Structures are given as structure tokens and as C-alpha cells.
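In what follows, a structure is listed as C-alpha cells, so that the remarks can point back to it.
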Amino acid sequence: MTAVRIGAVAKATGCTPRALRHYEEHGLIASARAANGYREYDDAVVTRVRNIRHLLDAGLTLDDVRVFLPCLDGDVASAPPSPAGLRVGRERLAVLDARIAAQVAVRDRLAAALQAATTPPAAPPPTPGSLR
């Protein structure tokens, strides 16, 4: 177990130090403080952060990722899915589907409004006796 600083973890995982602090605030990773006040992480945190990124990239939120805490130190990408993990994934997909449907409705209303605004009004029908 080797202690590594935040910059080394950031470089190894492609995350920013700010993102790592954010994960720490959410209880997904932990650090200790060196005598100089710098954060020091166990080198195993690199695997954990890569798994967190994998789950976030799949569309989950940090709150969703909490369900996966027991397995974040393993190979999340190739492990068989757990019932809890599948439940969280289905719930997140339903939320995304609802958001997409709401955005499509807004888009359709805007498209209709633009169409109405750019279509010239129809000419009024001729009145009797005005064709002379």
C-alpha cells in the first residue's frame, strides 16, 4: 500500500483534482492528510476512481454509484450485474427517458411556434361583389 498524492491519482485516472475532491466529499473515496496537509490516497484508489468514472460515463449519478460501493475496488466493467445494480440502472434509465420526452415536447412546441411565426397569414376570402 503506497500513498499517492492527488495529482498522481488525477493523472492516472484522467480526472481532475477537483473531481477527486468531489468524490471524496460524497464518500466514494477517502484520503489521509500528510504532515504538510496534502491529501494522500492509497494507490488502490486508482481502480476505484476508474470504476466511478465508468459508472458515471454510463449515465449514473454519484448517488447511484453509492449502490456499487462494495464492488468499486474490483472490476466493475466485467463483473456480472447485481440485482441492486440492475435496479439502479433501470431507475436511472426511466428518469432519462422522462427527461428526453419532456425535452422533445418542448422542442415540438418551439418548432410549431416558429412555423406559425414564419408562415404568412392566409388571404381572407373574397367578399361578394368585390371582384369587379
Side-chain angles (χ1 to χ4, degrees):
M1 176 162 83
T2 307
V4 292
R5 285 207 228 153
I6 196 167
V9 175
K11 185 175 182 179
T13 61
C15 284
T16 64
R18 183 172 185 258
L20 295 171
R21 289 189 296 272
H22 190 65
Y23 300 160
E24 193 170 343
E25 288 170 10
H26 280 79
L28 299 175
I29 61 175
S31 69
R33 292 292 181 158
N36 60 8
Y38 290 162
R39 281 180 167 85
E40 289 186 336
Y41 297 91
D42 180 286
D43 59 355
V45 79
V46 170
T47 298
R48 180 173 279 246
V49 170
R50 286 182 179 150
N51 284 325
I52 292 167
R53 293 298 314 156
H54 173 75
L55 295 169
L56 293 174
D57 289 345
L60 300 180
T61 67
L62 286 179
D63 287 335
D64 296 335
V65 171
R66 286 188 199 291
V67 171
F68 297 88
L69 277 174
C71 55
L72 286 178
D73 296 324
D75 188 0
V76 169
S78 64
S82 69
L86 290 171
R87 178 185 49 77
V88 167
R90 287 184 183 112
E91 288 170 359
R92 180 59 43 208
L93 184 60
V95 167
L96 292 171
D97 284 343
R99 287 181 184 167
I100 290 168
Q103 289 296 304
V104 168
V106 169
R107 183 218 170 272
D108 290 348
R109 286 193 303 272
L110 178 58
L114 287 171
Q115 180 65 34
T118 58
T119 302
T127 56
S130 66
L131 295 176
R132 294 183 192 172

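What you see is a predicted model, and the numbers here were worked out from it, not measured in a lab. Numbering starts at 1 and runs along the sequence shown. These numbers come from the heavy atoms of this one structure, side chains and all, not from hydrogens, waters or symmetry mates.
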Mark yes when over 12 heavy atoms from residues, nucleotides or ligands other than Arg99 sit less than 6.0 Å from its CZ; otherwise mark no. no

According to salt bridge (Lys or Arg N to Asp or Glu O under 4.0 Å), does anything in residues 79-88 pair up with another residue at least two apart or in another chain? List the pairs. Arg87-Glu91

Kindly give the heavy-atom pair with the smallest separation between Arg5 and Tyr41, and that separation in Å. C-CD1, 4.4 Å

Looking at OG1 of Thr13 and CD1 of Ile52, how far apart are the two atoms once the value is rounded to the nearest 0.5 Å? 9.5 Å

Is the backbone N or O of Thr61 less than 3.5 Å from a side-chain atom of Asp64, with the two atoms forming a donor-acceptor pair by type? yes

Distance, nearest 0.5 Å, that separates CG of Asp73 from CZ of Arg48: 4.0 Å

In the structure I gave you, are the side-chain heavy atoms of Ile6 and Tyr38 within less than 4.5 Å of one another anywhere? no

Can you name the closest pair of heavy atoms from Asp42 and Ala44 and give their distance? OD1-N, 2.6 Å

Is it true that a side-chain atom of Arg50 and a backbone atom of Gly14 form a donor plus acceptor pair closer than 3.5 Å? no

Minimum heavy-atom separation for Cys15 to Ala10, with atom names? O-CB, 3.1 Å

Considering all heavy atoms, the nearest Ala3-Glu40 contact: CB-OE1, 3.8 Å

Minimum-distance pair of heavy atoms, taken over all atoms of Arg39 and Ser31: CG-OG, 3.6 Å

Leu55 to Leu72 - nearest heavy-atom pair and separation: CD1-CD2, 3.8 Å

Let me check something: do Val76 and Leu69 share a hydrophobic cluster, defined by ILVMFWY side-chain heavy atoms less than 4.5 Å apart, either directly or through other members? yes

Side chains of His54 and Asp57: does their closest heavy-atom pair fall under 4.5 Å? no

Please check: side-chain N/O of Asn51 versus main-chain N/O of Gly74, any donor-acceptor pairing under 3.5 Å? yes

Quick check on the hydrophobic clustering: are Leu56 and Leu93 connected, directly or via other members, by side-chain heavy-atom contacts under 4.5 Å? no

For Asp63, what residues pass the salt bridge (charged side-chain N to carboxylate O under 4.0 Å, His left out) criterion, not counting sequence neighbours? Arg66

List the residues meeting salt bridge (charged side-chain N to carboxylate O under 4.0 Å, His left out) with Asp108, not counting sequence neighbours, and say none if there are none. none

